Amino acid sequence: VNKVLAQSFVDGPGNRAVVFLQGCNLRCLFCHNPQTLALCNACGVCVDQCPQGALCLSDGQIHWDAERCEECDTCVKVCPNFSTPRTRCMTAQQLWDEIEPLSAFLSGVTVSGGEPAQQMEFLVAFLSIVKQSSDLSTFIETNGFASAEDLHRLLPVLDGAMIDLPVMDPEVHRGLTGQDNALVLQTIRFLAGYGKAYAVRVTVVPGYNDTVENAAATARFIAQLDPHIRLRFLRFRAHGTRGEAEEWQSPSDELMDQLVEAARAEGLLNVSRSI
Ligand code: SF4
Ligand code: SF4
């Protein structure tokens, strides 16, 4: 577990606790959380860099002292592996025990990442406990790279998913994320068939997918599945990114509005954009 956020209003309906799991199977150029991409391989590079002495390497594992840590992010910046030593190894029950005291103030729980489907055993176990122990709704934020078999296992304990679909063109998708989008489209079709595709999200990246043609094509794809599925355009921001994306500009308000209009023109009923 990378992090638990006690309260969020932007990760699904209502007020939600959000669990960020470590590890992702894509390498999106626009990722603003690159420290969640890989699992720590205990290389030890970060240990001597920590100004608080909060890290040590023993028995081939990195150990993080949360009490000493002052969240300066030095360890994340020096990690050559797109990882972080600040993760916790927890059982599904331990995770629920941490969230359960908050549940009276929550609408639900969202599991994000990284890519939550990378830890499917844990994800199913955790959401099963949430369902058995509360009436909170259960959502995931996913890049859609999950097998049909895994999605079938998840269905009984999942209320909804927010799925990232940056671009309809498979080769542009490959350039932006490292993989083509065939499996993402399949996952959206699958979840829509069970009424669990809550939203599709497009991070608008200049030069890759910032066109009304892509907005319209995305909207057409969703509308023929279910015009009530939400489509949300997220403005790319360089904050938190690494590599070439650090220099990229954010798309303008005018362009974001044009994308929304182009998508609405295809018959989608719930189209929005971030500020
Ligand atoms: S964020 Fe990392 S480097 Fe900074 S104090 Fe915490 S463990 Fe140490
Ligand atoms: S967090 Fe990164 S730098 Fe630190 S031990 Fe793990 S892989 Fe190495």
Side-chain angles (χ1 to χ4, degrees), residues 1-8 10-11 16-99 101-102 109-123 125-126 140-143 145-146 164 174 176-179 203 205 236-248:
V1 174
N2 176 284
K3 188 166 66 176
V4 177
L5 199 58
Q7 175 172 298
S8 167
V10 296
D11 295 281
R16 314 188 69 76
V18 186
V19 178
F20 296 88
L21 298 187
Q22 185 73 20
C24 186
N25 44 2
L26 294 187
R27 290 294 179 268
C28 301
L29 298 177
F30 56 85
C31 182
H32 63 274
N33 253 341
Q35 71 275 13
T36 64
L37 292 179
L39 300 181
C40 170
N41 64 8
C43 72
V45 166
C46 58
V47 172
D48 292 339
Q49 304 290 321
C50 174
Q52 303 302 323
L55 301 172
C56 71
L57 186 63
S58 66
D59 303 327
Q61 285 192 320
I62 203 84
H63 299 275
W64 169 55
D65 185 339
E67 298 290 318
R68 285 190 171 193
C69 176
E70 295 202 344
E71 301 188 4
C72 69
D73 276 351
T74 301
C75 50
V76 170
K77 289 175 190 151
V78 301
C79 177
N81 192 38
F82 289 93
S83 189
T84 171
R86 293 155 57 197
T87 56
R88 291 182 292 162
C89 209
M90 307 173 80
T91 66
Q93 186 63 51
Q94 285 171 333
L95 179 58
W96 173 243
D97 289 346
E98 191 167 308
I99 292 173
L102 312 168
V109 175
T110 297
V111 185
S112 186
E115 171 48 48
Q118 286 280 94
Q119 301 192 44
M120 189 54 76
E121 295 290 335
F122 181 83
L123 181 60
F126 173 64
I140 59 169
E141 293 177 318
T142 177
N143 62 28
F145 272 74
D164 294 320
R174 188 190 299 280
L176 202 48
T177 71
Q179 300 283 341
T203 300
V205 183
F236 165 80
R237 293 192 186 278
H239 179 75
T241 60
R242 281 192 188 178
E244 59 184 284
E246 292 178 68
E247 307 299 324
W248 293 351

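Residue numbers count from 1 along this sequence. One-based numbering, in listed order, for ligands and for the atoms of each. Keep in mind the model is a prediction, meaning the values are calculated, not measured. The figures here come from the full heavy-atom set of this structure, side chains too, leaving out hydrogens, waters and symmetry mates.
- For the atom pair Cys79 SG and Arg242 CZ, the distance stands at 6.5 Å (nearest 0.5 Å).
- Rounding to the nearest 0.5 Å gives a distance of 8.0 Å between CZ of Arg86 and CD of Gln35.
- Atom 7 (S) of ligand 2 has Asn41 OD1, 3.2 Å as its closest protein atom, hydrogens excluded (heavy atom only).
- Rounding to the nearest 0.5 Å gives a distance of 9.0 Å between SG of Cys50 and CD of Glu70.
- Taking CZ of Phe145 as the reference point, atom CG of Asn25 lies at 7.0 Å (rounded to 0.5 Å).
- For atom 6 (Fe) of ligand 1, the closest non-hydrogen atom on the protein side is Cys69 SG, 2.4 Å.
- Under a cut-off of 6.0 angstrom, the local environment of CD in Gln94 is crowded, with over 12 non-hydrogen atoms contributed by other residues, nucleotides or ligands.
- Residue contact check: Asp73 has heavy atoms under 4.0 Å from atoms 1 (S), 4 (Fe) of ligand 1.
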Can Val19 and Ile99 be said to form a side-chain contact (heavy atoms from CB on, under 4.5 Å), step by step? CA-CA 9 Å; Val19 178; Ile99 292 173; 3.7 Å; yes
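- The closest approach between a heavy atom of Ala38 and any atom of ligand 2 is not below 4.0 Å.
- Crowding of Glu67 atom CD: a count of heavy atoms from other residues, nucleotides or ligands under 6.0 Å not exceeding 12.
- Atom CD of Glu247 has 12 or fewer neighbouring heavy atoms from other residues, nucleotides or ligands inside a 6.0 Å radius.
- Remark: minimum distance from atom 8 (Fe) of ligand 2 to any protein heavy atom is reached at Cys43 SG, 2.3 Å.
- Side-chain atoms of Ser112 and Glu141 form a donor-acceptor pair, as typed in the model, at a separation below 3.5 Å.
- Taking CG from Leu39 and CG from Asn2, the interatomic distance works out to 11.0 Å, rounded to the nearest 0.5 Å.
- When distances to atom 6 (Fe) of ligand 1 are checked against a cut-off of 2.8 Å, Cys50 contributes no N, O or S atom below that limit.
- Close approach to Glu71 involves these atoms of ligand 1, each under 4.0 Å from a residue heavy atom: 1 (S), 6 (Fe).
- Look at Cys46 and atom 2 (Fe) of ligand 2: no N/O/S atom of the residue is under 2.8 Å from the metal.
- The CD atom of Gln22 sits 8.5 Å away from the CD atom of Gln119 when rounded to the nearest 0.5 Å.
- Of all the atoms in ligand 1, the ones that sit under 4.0 Å from a non-hydrogen atom of Thr74 are 3 (S).
- Scanning all protein heavy atoms for the shortest distance to atom 5 (S) of ligand 1 gives Glu70 N, 3.5 Å.
- Near Pro85, meaning under 4.0 Å from one of its heavy atoms, ligand 2 places the atoms 1 (S).
- The proximity of Ile62 to ligand 2, defined as any non-hydrogen pair under 4.0 Å, is limited to the side chain.
- At least one heavy atom of Gly44 sits closer than 4.0 Å to an atom of ligand 2.
- Protein heavy atom in closest approach to atom 2 (Fe) of ligand 1: Cys75 SG, 2.3 Å.
- Using a 4.0 Å cut-off between heavy atoms, Thr84 contacts ligand 2 through its backbone alone, with no side-chain atom that close.
- Closest to atom 4 (Fe) of ligand 1 among all protein heavy atoms lies Cys72 SG, 2.3 Å.
- Under 4.0 Å from ligand 1, not a single heavy atom of Val76 appears.
- Counting the atoms of ligand 2 from 1 in the order shown, those under 4.0 Å from a heavy atom of Pro80 are 3 (S).
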